[in-house]
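So that the names make sense, note that chain A is the first sequence line, chain B the second, and so on, each numbered from 1.
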2 protein chains.
Amino acid sequence: MAVPRISGELALIDRIRRRTEAQPSRALRLGIGDDCAILRVPRGQELVVTTDFSLEGRHFRRDWHTPQSIGHRTLARGLSDLAAMGATPLAAFLSLALPKSAATDTRFLDGFLEGLLTLAKLHNVPLAGGDTSESPSDAVLADIVLLGGTPTGQALRRSTGRPGDLLYVTGALGGAAAELQPLLATPPSEPRPLSPGPSPHYFPQPRLAVGQALLRRRLATAAMDLSDGLSTDLTHLCEASNVAAEIDETALPLHPLTQTLLPDATARLHAALHGGEDYELLFTARPGTKLPRSIAGVPITCIGRITDKLPRRPLLTLISTSGKSIPLKPQGWEHLR
Amino acid sequence: MAVPRISGELALIDRIRRRTEAQPSRALRLGIGDDCAILRVPRGQELVVTTDFSLEGRHFRRDWHTPQSIGHRTLARGLSDLAAMGATPLAAFLSLALPKSAATDTRFLDGFLEGLLTLAKLHNVPLAGGDTSESPSDAVLADIVLLGGTPTGQALRRSTGRPGDLLYVTGALGGAAAELQPLLATPPSEPRPLSPGPSPHYFPQPRLAVGQALLRRRLATAAMDLSDGLSTDLTHLCEASNVAAEIDETALPLHPLTQTLLPDATARLHAALHGGEDYELLFTARPGTKLPRSIAGVPITCIGRITDKLPRRPLLTLISTSGKSIPLKPQGWEHLR
């Protein structure tokens, strides 16, 4: 066993290290190269920490996603969790296991790092360490760790929603699910070249600036990110807060891609309610709180309200366009199964 | 894609959560259940962070190791990195992917958690979060993240050894490699029941108390842990510190198991020099520093000295029992290949 310090692995670490040495950061005192990295958490701040797997065949496929997209998505998953807490990123750590074929072919690694580090630079987060190994199978395995800071005692949580609060989302819903649809319908044999423009599935944008503004301006009573689909994530928020919720169908901000890529209104509604990986924020605010129409350029939409949790009443209710109350079950997608 | 919140996975998270809810910790403000965990780093301390993969087929085998041993070893890898910095553990995060077979058979998970949490309790480190997934192959995949604290500016490093320093190790060397020998010679079809008693391979003991004492009493000039084998790890220390080193063969503290499990003196020396996973500490101290014979019950042995790095001179030299200088190459083991 032993940490497998094969020459190939040392080369891998060196390759990562070379690309990360020039990262400026006040928090990071010592990066890649020792037994641990050393960080200084800013005075008056608490530390928030999240880890997220990105496993080939579960979270991405090399025949569907470019290395750049895989690297971007790996980091975005963690950054979105920080956004949900209203945190400012301090550092990322990457554990990466490559199968022999991908370890000797540096194109994958270089593209992966390019995707990951481009997003990291955008949000000013240094890659401070991690681990490398040869994968025990043909699957690329990544685990990303994100550390962030929030003013002590002020991190946004999912457990603090209250009956009477209004329910909001950032951006638009269903875009990632809509982009996934053609992949599921006609699985490609290799990743498509990406057309320029926003791509919620291939290059999701974590809502860090919105989360930080919600915290700083004390606008939200509770928050979480939309990674598993609105119906599933809102269920988690309701369970954690011990409340119920109503969603207004007419208020749902459908992503433009649901119009162009999905066949009908039923499919579009399904994508918005149950499509995962939008990486938008879901949050609650007191009814008297005045929310701006957008924060940091991202639209904010009121989509419903928090209600009392009552016995024999569904946790989630959808108010349809015709005004009918329909019980809503969590139906988050699991795309790659 | 989407985080696969299958009922089985939620059950897995619940199972972990139930076993971790009663963990007392001053640092941990919010544990498993939100988008991130929240921690408070003690005033006057810096944060040290390490991540380590434990991948089936690379770092362990379910037909060689019991679930308890796998869980223990997973955490020990990370704790040993904290020990090397002289840090006090604050929290652990576990990313765990199980193949379907192991996910439905709770015996593996329960044994794994028992091994991990027993060691965690011993060192007072709460399991504060992580991620779960189904493994894309038949391999169990784990990634452990450890956060620790050290007084600001005082973490032990591997880059600060100086010529003239004496070279020390904790405990004994080669024990893990000796225990691995019978496994490699006659691979078992299932894990052996473990006899009671210390077992450096199956249940390595990270040297946290020693590392903390070295830092607190300012005894060491540089330190790292022995995970890859003395020859490999000392090479890393020399490269990081820009120095060379000599090891006295007669001074090497051989583990008693090398006597009982290995055939001859050559094999024993090989295990001590190149056998990985001893998880002892390797450190340097000024020649005038008086080191106790043991710290926290762990023997401390001077095994050589740091010298100037000179062109055309080997980085590592072994002074044999007959007084001969032999160049020493890094030869860390990679057991499971």
Side-chain angles (χ1 to χ4, degrees), chain A residues 1-6 29 33-41 46-53 55-60 81-82 84-85 87 93 95 97 128-131 133-134 136-137 139 141 143 145 147 152 155 157-159 224-225 227-229 232 240 276-277 332-336, chain B residues 1-6 29 33-41 46-53 55-60 81-82 84-85 87 93 95 97 128-131 133-134 136-137 139 141 143 145 147 152 155 157-159 224-225 227-229 232 240 276-277 332-336:
Chain A
M1 275 125 300
V3 187
R5 298 278 180 198
I6 49 172
R29 314 304 290 188
D34 214 305
D35 290 71
C36 297
I38 305 177
L39 284 114
R40 214 164 278 178
V41 178
E46 277 177 337
L47 186 71
V48 302
V49 186
T50 178
T51 85
D52 288 283
F53 268 138
L55 307 178
E56 183 172 2
R58 303 290 310 166
H59 305 92
F60 64 87
D81 285 325
L82 293 190
M85 311 293 284
F93 293 78
S95 291
D131 193 15
S133 175
E134 191 179 312
S137 71
L141 310 171
D143 189 39
V145 182
L147 272 61
T152 297
R157 302 182 180 198
R158 59 173 72 172
S159 56
M224 66 181 297
D225 79 328
S227 54
D228 298 356
T232 298
E277 302 190 299
W333 279 15
E334 299 177 61
H335 304 287
L336 290 183
Chain B
M1 278 132 292
V3 188
R5 300 277 178 195
I6 48 171
R29 314 303 291 186
D34 214 306
D35 290 72
C36 296
I38 305 177
L39 284 112
R40 214 163 279 179
V41 178
E46 277 176 339
L47 187 70
V48 301
V49 185
T50 179
T51 86
D52 287 284
F53 267 138
L55 307 177
E56 182 171 3
R58 304 289 312 167
H59 304 91
F60 64 87
D81 285 326
L82 293 191
M85 311 292 284
F93 294 78
S95 290
D131 193 15
S133 175
E134 192 178 311
S137 71
L141 311 171
D143 190 39
V145 183
L147 274 61
T152 296
R157 302 182 179 197
R158 59 172 71 170
S159 56
M224 67 181 298
D225 79 328
S227 53
D228 298 356
T232 298
E277 300 191 301
W333 280 15
E334 296 178 60
H335 303 286
L336 290 184

Here the pair of heavy atoms bringing B:Asp34 nearest to A:Ser159 is OD2-N, 4.3 Å
Closest heavy-atom pair and its distance - B:Glu134, A:Leu55: O-CD1, 4.0 Å
Is chain B contacted by the side chain of [X], its backbone, both, or neither, given a heavy-atom distance below 4.5 Å?
{"X": "A:Val49", "result": "both"}
{"X": "A:Met224", "result": "both"}
{"X": "A:Ala97", "result": "both"}

What option among B:Ala87, B:Ser137, B:Ala37 has the most heavy-atom pairs under 4.5 Å with chain A? B:Ala37
Is chain A contacted by the side chain of [X], its backbone, both, or neither, given a heavy-atom distance below 4.5 Å?
{"X": "B:Val48", "result": "both"}
{"X": "B:Leu82", "result": "both"}
{"X": "B:Ala240", "result": "neither"}

Which residues share a side chain to side chain donor-acceptor pair (under 3.5 Å) with A:Ser95, sequence neighbours left out: B:Thr51, B:Asp143
Sorted by chain and residue number, the side chain to side chain donor-acceptor pair (under 3.5 Å) partners of B:Arg29 (sequence neighbours excluded) come out as none
Looking only at A:Leu47, A:Leu141, A:Val41, the option with the highest number of non-hydrogen pairs under 4.5 Å against chain B is A:Leu47
Taking the side chain from A:Asp81 and the backbone from B:Cys36, do they hold a donor-acceptor pair closer than 3.5 Å? no
Do B:Ser227 and A:Asp35 have side chains that approach each other closer than 4.5 Å (heavy atoms only, starting at C-beta)? no
